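Here is the structure we will look at, set down as structure tokens.
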There are 2 protein chains.
Amino acid sequence: MTVAKATDQPDTRAAILDSAERLVQARGFNGFSYANVAAELGITKAALHYHFPGKAELGDALISRYAARFAEALALIDAARPSAFDRLAAYTELYSGVLEAQRMCLCGILAAEYETLPPAMHQAVVSFFDMNQAWLARLLEDGRARGTIRFTGGAKHAAQQIVGTLEGAMLVARLYADTARFQAVADRLLNEFDGRSRCTG
Amino acid sequence: MTVAKATDQPDTRAAILDSAERLVQARGFNGFSYANVAAELGITKAALHYHFPGKAELGDALISRYAARFAEALALIDAARPSAFDRLAAYTELYSGVLEAQRMCLCGILAAEYETLPPAMHQAVVSFFDMNQAWLARLLEDGRARGTIRFTGGAKHAAQQIVGTLEGAMLVARLYADTARFQAVADRLLNEFDGRSRCTG
DNA sequence: GTCTATAGGCAGATAGAC
DNA sequence: GTCTATCTGCCTATAGAC
């Protein structure tokens, strides 16, 4: 049984991940260094290497944690069980929240740098998008069956459109430091998929 | 009057830009180096510094040339003067062409790296998106007036949605090395804005 | 677990010969 | 214009003391 040390940092490992995550979301994987993280935490680069032997391992841990947290958020949305449309709205708010913290989606920025990432990180990035698209596709099928969501064509393609739109809108909105710009696009997207009291096109 | 030197490289400066452009579109601004370009062209890094004193100047020249080429393409689309809908379709094909060359949009990838770019490059990236959104907003207004384009809300927001969707779809499609994935999203987008023989929602 | 110290490499950049 | 040679700085990473 471990004894809690109440006055300590929760955990050095977690603090490293927090700092690195923020840095990657702001500056990209090639835009931050062990020195940046060490300076932020007031420890040395060598201490980082104790917790994460190399940058690839750190990167992989970042994606794993981020994806797990995202999966949890999706599960919470499902658990609340509002209509499919409301779940889609909640999904866009996950993105809004990230952008409001002046960050880009971790996997969105890693997608941009994909070719230069350590190969060990490649699959994890792809899996993040697979997870999102699978969740959205289920939501869309459900919503179409119940009438709260409306769309034409395949659910997979529609899910790809949703992810692409939100990632792209984040990317561009950050340039203008304008979260309202993102919100306008998200609202347009929601409107497009809103099946409640709409013409069926 | 200059004399053509038929057997020469068209121009070292242009060759540098071509090489650097391809590298940035594949690997990002922080993912390529003077050494990469020099190796590709069979010259030395010092020669590069003669043409572009620093990486910031090279980056700025890259965006200028890219934006000018894009503006030309937009002008050509306008000159052919098909319907607004056909112009929008032609616009999405500009993106398809980039993706088929296994590249990401230059300014899309620079947007992801925005925080780490030399400040001298910032305005040029933003201007690229301003240009695109202004062109699209005009197209949308025109199309709505003539009935070939249909959309709700402001033209500016709709233009932002189009740019966001296409940039984001490129970003994700490249992960899967799947141009069909991009095409599916582009087709869905076109369908959404198609005002010809459609319910007005 | 965290430190000091340092290795080895590559980055962007410059000087000066040709 | 392009070269060789070199500088300085930062990067990731490791060894070994505490």
Side-chain angles (χ1 to χ4, degrees), chain A residues 2-21 23-24 26-63 110 113 115-121, chain B residues 2-21 23-24 26-63 109-110 113 115-122:
Chain A
T2 59
V3 178
K5 292 179 280 183
T7 55
D8 283 14
Q9 282 285 95
D11 192 10
T12 303
R13 185 187 158 90
I16 293 168
L17 288 171
D18 289 342
S19 169
E21 183 178 85
L23 284 164
V24 173
R27 306 171 52 85
F29 192 76
N30 294 324
F32 92 104
S33 71
Y34 270 41
N36 299 146
V37 177
E40 260 196 23
L41 300 182
I43 59 179
T44 61
K45 291 183 286 174
L48 294 188
H49 282 284
Y50 170 79
H51 294 279
F52 302 97
K55 212 181 173 186
E57 286 85 359
L58 173 55
D60 207 56
L62 282 175
I63 308 175
L110 293 178
E113 299 177 291
E115 299 241 333
T116 66
L117 294 181
M121 295 173 62
Chain B
T2 59
V3 177
K5 292 180 280 179
T7 55
D8 284 13
Q9 284 284 93
D11 191 10
T12 302
R13 185 187 160 89
I16 293 169
L17 288 171
D18 289 342
S19 170
E21 182 178 85
L23 284 165
V24 174
R27 305 171 50 85
F29 192 75
N30 293 324
F32 92 103
S33 72
Y34 270 43
N36 298 147
V37 176
E40 259 195 22
L41 300 182
I43 60 179
T44 62
K45 290 185 288 174
L48 294 187
H49 281 285
Y50 170 79
H51 294 279
F52 302 96
K55 212 181 173 186
E57 285 85 359
L58 173 55
D60 206 57
L62 282 176
I63 308 175
I109 205 158
L110 293 178
E113 299 178 291
E115 299 242 334
T116 66
L117 295 181
M121 294 172 62
H122 282 182

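Keep in mind that this is a model prediction, so the values were computed, not measured. Each chain gets a letter, A, B and so on, in the order the sequences are listed, and its residues count up from 1.
In this structure, CD1 in B:Ile43 is found 4.5 Å from CD1 in B:Ile16, a value given to the nearest 0.5 Å.
When the side-chain nitrogen and oxygen atoms of A:Thr12 are compared with OP1 and OP2 of C:dT2, one or more of them lie within a distance under 4.0 Å. A sub-4.0 Å separation between OP1 or OP2 of D:dT4 and a side-chain N or O of B:Thr44 is absent.
Applying the salt bridge (charged side-chain N to carboxylate O under 4.0 Å, His left out) definition to pairs two or more places apart or across chains, those involving residues 34-62 of chain A are A:Arg22-A:Glu40.
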| message | Walk along nucleotides 13-18 of chain D from 5' to 3' and tag each nucleotide B, S or - by protein heavy-atom contact under 4.0 Å, base first, then sugar-phosphate. | response | BBB---
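Taking B:Asp18 as the reference, B:Arg65 meet the salt bridge (Lys or Arg N to Asp or Glu O under 4.0 Å) condition, with sequence neighbours excluded. Every residue meeting the side-chain contact (heavy atoms from CB on, under 4.5 Å) condition with A:Ala26, not counting sequence neighbours, appears here in chain and number order: B:Glu115. Partners of B:Ala46 under the side-chain contact (heavy atoms from CB on, under 4.5 Å) rule, at least two apart in sequence or in another chain, are B:Thr44. For A:His51, the ring pair (Phe, Tyr, Trp, His ring centres under 6.0 Å) criterion is met by no residue, not counting sequence neighbours.
Residue B:Ser33 is in sugar-phosphate contact alone, with no base atom involved, counting any heavy-atom pair closer than 4.0 Å across all strands shown.
As a whole-Å value, the separation of A:Ile16 CD1 from C:dT2 C1' is 11 Å. Protein atom CZ of A:Arg13 is 14 Å distant from nucleotide atom C1' of C:dG1, rounded to whole Å. The OH atom of B:Tyr50 sits 18 Å away from the C1' atom of D:dT4 (whole-angstrom rounding). For the pair A:Leu41 CG and C:dC3 P, the computed distance is 10 Å after rounding to whole Å. Per the geometry, CG belonging to B:Leu48 stands 9 Å off P belonging to D:dT2, to the nearest Å. Per the geometry, CG belonging to A:Leu23 stands 12 Å off P belonging to D:dT12, to the nearest Å.
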